[in-house]
Every structure is written in C-alpha cells, then in structure tokens.
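So the structure is just underneath, and the comments pick up after that.
The residues of the chain are indexed from 1 along the displayed sequence.
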Amino acid sequence: MKPSFFTHMALSALLVVTVATTVHAQKSMAPREASGTNNAIADSNVLAKLERWKDLKFGVLFHWGVYTAEGIPESWNLCSERWIDTRPAGSKYDEYKSWYFGLSEKLNPTQFNPDQWATAMEDAGMRYMIFSTKHHDGFCMFDTKETDYKITNGPFASNDSADVTRFVLDAFRNHGFMVGCYFSKPDWHCQWFWNPYYATPDRYVNYDTIRHADWWQNFKRYTQNQLHELTHNYGNIDLLWLDGGWVKGSVFNLDSLVTSFRATTQKGLLCIDRTAGHNEDYKTWENTLPDKQLPYAWEYVAKLSSMWPWSRNNDIYLKSRATIVNTLIEVIAKGGNYLLGVGPDPRGLITDATVARLKEVGQWVKANSEAIYNTRPTPVYNSGNVWFTANKDLRTLYAFYALPSDATLPSVVTWTGNVPVGKMTVVSTGKDVKYEVSGQEVSVTLPAGMPQESFALKFTIK
C-alpha cells in the first residue's frame, strides 16, 4: 500500500465534518433516568467522594492515543458498521486496519510534558481530569503486562516518561486535581474480543461466546487483569471511567472487582460504567444536554474542538469562550458537572491555541468562582437567559446572566422567582446593584461599563 494513500492530509477536512456528526450520533448515550447506585449507597466513602466531585464542576477528558500520530478519529474507523464513512476513499478494510494498528510504530511524543497539560487545565478553572488509558482500538497508554500493543513497546519505549499514564496522573495530582482513568471495556485489538478467525462486522465481540467459551473467558481475564493493573500500580485513582457500553460490566464481574478495589487500594473509588446499574455512581450525557434538572449526579461530556482527539484542524474549530462559559452555566444550574474533551498533539503537548482559549475561559471562571464551585442546584434554576445556583446554605443564591453570542448586555436584567432580600452584588467585582421587585418579578439595573460577557450576581432569599 502506498504511504500517501493513508496520510489523510487531503481528507482531514472531510474527517472533521463527518466525525462531528456521525460519531456523535452513534456514541451519544442518554442515560436512563434513575438515581443513585447500590454500591454508592452502601459505601459512605463513595458518597463522600461523590459530594467532593459535585463541588468541582469543571473537568477535562483527554483523548490521546495511537490515533494521535495521524490526527484521525479515535478507533471508530476500525469498526465495519454501516455508518462508518470516514476512511480514505477506495481503501480496503483489512489494509486500513493493518495500517491503523501499525501507527503504534509512529506515535513518539518526544516533547511529552504532562505538567504543561496540568498547568493549562488549572488555568482554565478545571478541577478534575480523566485520561484515556485505552480506547476501543486496544492501544494501551500504560505499561500493561497483558499485551505488547502499548506505548511502552514502541518508539517512545526508551523515554524516561514512556509509561505516560503514570506521569499524567502524577502531574494532575500535584496540581490538586481529582484524577481518573478512562478505560474501554471492548478491545478491538485483543484476539479474545475480535478474533482473527472471523470477520469484524460491528463493534461487538465477533464470535459466539458460548461456542468459544474459552476465548470469552480469556477476554474476561484480560480485562480484569488490566483493571487490576490500573488500580494497583498507579497510585490513588478517584474515578474509574469505563466506556463501551455495549459490553456490560457484569461480563467480567465488575461488581466484585470494584468492591475489591475499594477495600484495598482505592478507598471511595467512583465508578462510571455508562450502562446503568450497580457501578454507575454518576451518569454521563455525551454531546446532548438534558432539558431539565436531573434527580441524580451527572456529567455533561463534550468536545472542545471538532473531534475528541487532536486533528490538524483542531485549532480552527475550537469552541468560543462564550460557548464554553454559557455551557458551564447551564450545566451547573441543572445540577451537573462539565467534562470538556481536549486532545493533546503528537508531540505530547497542548497546542498554543488551545492553551490560550482555555486561559480565557479560566479568567472568567476565576472571577466568578464563588458562584460556580461548591454550589448546588436550586428548585427555580432558570428564567430566560438567567440561570441560578445556590450556596450549600440554600439561602445564598447566584444568578448568572448568560450573554448570547453576538449580543450585548441589556441595561436591565429581569427574572421570575428567587426573590431577593437585602443587598445584591456583582460576584466578579463585589459592587452593589439596584433592583426592584414586583410580586415574583425581579428587575436588576446593571452598572455602567460592565464587560460584554456573561456574569453572576449574589443575593439572599427568605
């Protein structure tokens, strides 16, 4: 196969456009509306950590893997489902798969700097982090003993930081973050999931697990061993973020595994299985926001740019500061946390444009931090462009005015409900504002010269 056939440079724009819609449609998981989990209820350490997680509000999810070497979508081009249309035109599947898996010999992030990552995310106002230790393609970003398909067995193997998961986790712990490991339950490189004897028509295991019970047992053991490695060899992990919901955790006895981890190395570990049940301590909403407050802990997961991992067009399609800020406002008013997807580049760095955009966001978050962190939802949480959060005393409220893109601030902001008593101040400056109340209608006169951006007000209610 000619190398130029798979460079993807000519098709990068097509990849960005198609993956933003197609992969989104396939991977989006709207969770079942249920609250709590049996494990969380039974374990006071888990409940305590869940409350700490609720305080953090803003986090980052890193997709960084073998796909980063070429700036292509993560894993999904390996899948033969009918919706996959982002491979190079005219490519043959087996040849493409061989080429894709061969990228393990190309990924060589010689400028890898996890402290740069952690500094940039801290400057953005983020307080927790999820790192992709293994995506569906099976390439491991940690030094597993279960396979040679890993970053510690390629061109980066001789680097002192080759076991990148260890260094990423350490860097973010040093910056005070709650840390977590993303881990795909399906593994398309593992012969015990996609066995080479059979074709791979879809995302599922490609053989009859009853007929080949020994293969299936091997896959269970493989997965259990890798989870044991992550939870026993990499220090304290706050969140085990399991993806690939078409493989249920019960397949490899996740209940007993998580109980064991919590009893030994990972006290209070939060598990996010994304398939509901005993080991989903909070729920995830991917790329689609719920339309109302939810009666359980949840997280909104969305990309910063057009793809989850880095692409050559990454910096062009970065979401605006206003979009990120207004999304954060809506998410926390509805009672959730916001997990923003960032893709480090092939060098092992966060791009300058991404750092700059996140720093802009962080300046706003810092100025309004009192209204963001450690807050809880309040029953009346939205009125037009105004969204509300509450201090844990439930009497101190914060009203965010989410300024729409390309709009200007009005001279008077109005809302219904959450009637204030006493003084009201602008959170970012501490300046008093004047307001009037008529029944349940509140009208706030904004001070002259306020920046043309979203802002928060602080007040108390009876």
Side-chain angles (χ1 to χ4, degrees), residues 6-24 27 59-78 86-88 99-100 102-121 123-124 126 129-137 139-141 151 154-156 159 161 164-165 167-168 171-172 182 184 243 286-287 301-320 324 339-359 361:
F6 288 120
T7 61
H8 288 251
M9 294 182 67
L11 293 170
S12 59
L14 174 62
L15 285 171
V16 167
V17 173
T18 54
V19 82
T21 55
T22 311
V23 173
H24 160 81
K27 294 179 66 183
V60 60
L61 168 63
F62 291 115
H63 276 73
W64 194 51
V66 68
Y67 39 82
T68 304
E70 279 287 334
I72 59 175
E74 72 291 351
S75 297
W76 286 98
N77 283 349
L78 293 172
T86 55
R87 296 185 200 119
W99 171 83
Y100 182 105
L103 291 176
S104 61
E105 296 301 320
K106 186 173 182 180
L107 183 63
N108 189 20
T110 55
Q111 297 181 53
F112 173 54
N113 186 351
D115 189 69
Q116 185 242 8
W117 303 14
T119 298
M121 303 310 138
D123 287 347
M126 296 167 173
M129 181 279 297
I130 310 294
F131 178 67
S132 54
T133 64
K134 184 182 76 167
H135 208 267
H136 315 325
D137 57 28
F139 187 75
C140 296
M141 301 296 282
I151 194 167
F156 199 55
N159 192 287
S161 302
V164 297
T165 291
F167 290 91
V168 170
F172 278 86
Y182 171 112
S184 170
D243 201 8
E286 186 174 323
N287 290 327
V301 192
K303 305 180 287 285
L304 173 61
S305 189
S306 56
M307 297 198 323
W308 292 106
W310 172 88
S311 75
R312 293 179 178 85
N313 292 322
N314 182 79
D315 294 346
I316 299 173
Y317 294 100
L318 294 174
K319 288 183 170 67
S320 69
I324 298 168
L339 188 65
L340 188 62
V342 174
D345 70 16
R347 302 171 299 169
L349 298 172
I350 309 299
T351 66
D352 291 344
T354 298
V355 170
R357 179 57 43 81
L358 292 176
K359 191 167 187 176
V361 172

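The distance from atom CG of D243 to atom CD of E286, rounded to the nearest 0.5 Å, is 7.0 Å. With values rounded to the nearest 0.5 angstrom, T165 atom OG1 is found 12.0 Å from K134 atom NZ. The distance from atom OG1 of T119 to atom CZ of F172, rounded to the nearest 0.5 Å, is 8.5 Å.
Between the side chain of W117 and the backbone N or O of G348 there is at least one donor-acceptor pair closer than 3.5 Å. Although no hydrogens or angles enter the test, the distance criterion places no donor-acceptor pair under 3.5 Å between the side chain of S132 and the main chain of Y182.
When side chains are defined from C-beta on, N287 counts as touching K303, because their heavy atoms get closer than 4.5 Å. Using a 4.5 Å heavy-atom threshold, the side chains of Y67 and L78 count as separate. In this structure the side chain of I350 reaches within 4.5 angstrom of the side chain of F62, judged on heavy atoms. The side-chain heavy atoms of L103 and I72, taken from C-beta on, include a pair separated by under 4.5 Å.
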TODO: Before giving the answer on side chain to side chain contact (heavy atoms under 4.5 Å, CB included), spell out for M121 and V342 the whole-Å C-alpha distance, their side-chain angles and the decisive distance to 0.1 Å.
DONE: CA-CA 10 Å; M121 303 310 138; V342 174; 4.2 Å; yes
Open item on the list: What verdict does the side chain to side chain contact (heavy atoms under 4.5 Å, CB included) test give for N314 and L304, after you've listed the backbone C-alpha separation in whole Å, the side-chain angles of each residue and the deciding distance to 0.1 Å?
Closed with: CA-CA 9 Å; N314 182 79; L304 173 61; over 6 Å; no
- [ ] Assess whether side chain to side chain contact (heavy atoms under 4.5 Å, CB included) is satisfied between W99 and N77, documenting all intermediate values.
- [x] CA-CA 11 Å; W99 171 83; N77 283 349; over 6 Å; no
Task: Stepwise side chain to side chain donor-acceptor pair (under 3.5 Å) test for S184 and H136 - done: CA-CA 5 Å; S184 170; H136 315 325; 2.7 Å; yes
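Residues V164 and S161 approach most closely at CG1-O, 3.4 Å, considering heavy atoms. Between A118 and A171 the shortest heavy-atom distance is CB-O, 3.9 Å. Taking every heavy atom of both residues into account, T68 and P344 meet most closely at CG2-O, 3.5 Å. Pairing each heavy atom of Q111 with each of L349, the nearest pair is O-CD2, 3.3 Å. The two residues W310 and R312 come nearest to each other via the heavy atoms CH2-CG, 3.8 Å. The minimum heavy-atom distance linking S104 with V66 is given by the pair N-CG2, 3.3 Å.
Looking at residues two or more places apart in sequence or on another chain, you find no salt bridge (charged side-chain N to carboxylate O under 4.0 Å, His left out) involving D123. Applying the ring-ring contact (aromatic ring centres under 6.0 Å, His included) rule to Y100 yields no partners; only residues at least two apart in sequence or on another chain are considered. Under the side-chain hydrogen bond (donor to acceptor under 3.5 Å, both in side chains) criterion, T110 pairs with no residue, sequence neighbours left out. In this structure D345 satisfies the side-chain hydrogen bond (donor to acceptor under 3.5 Å, both in side chains) test together with R347, sequence neighbours excluded. Every residue two or more places apart in sequence or in another chain was checked for a ring-ring contact (aromatic ring centres under 6.0 Å, His included) with F131, and none qualifies. Among residues two or more places apart in sequence or in another chain, the side chain to side chain contact (heavy atoms under 4.5 Å, CB included) test is passed with P109 by W64, L107, F112, I151, F156. Take A124 and apply the side chain to side chain contact (heavy atoms under 4.5 Å, CB included) test, not counting sequence neighbours, and it matches M126, L358. Listed by chain and number, the residues in a side-chain hydrogen bond (donor to acceptor under 3.5 Å, both in side chains) with S75 are H135, D137 (sequence neighbours excluded). Every side-chain hydrogen bond (donor to acceptor under 3.5 Å, both in side chains) that T351 has, sequence neighbours left out, goes to D315, T354.
More than 12 heavy atoms of other residues, nucleotides or ligands lie within 6.0 Å of NZ in K319, so this atom counts as buried by the packing criterion.
Legend: salt bridge (charged side-chain N to carboxylate O under 4.0 Å, His left out) pairs involving residues 102-113, not counting sequence neighbours, sorted by first then second residue: E70-K106.
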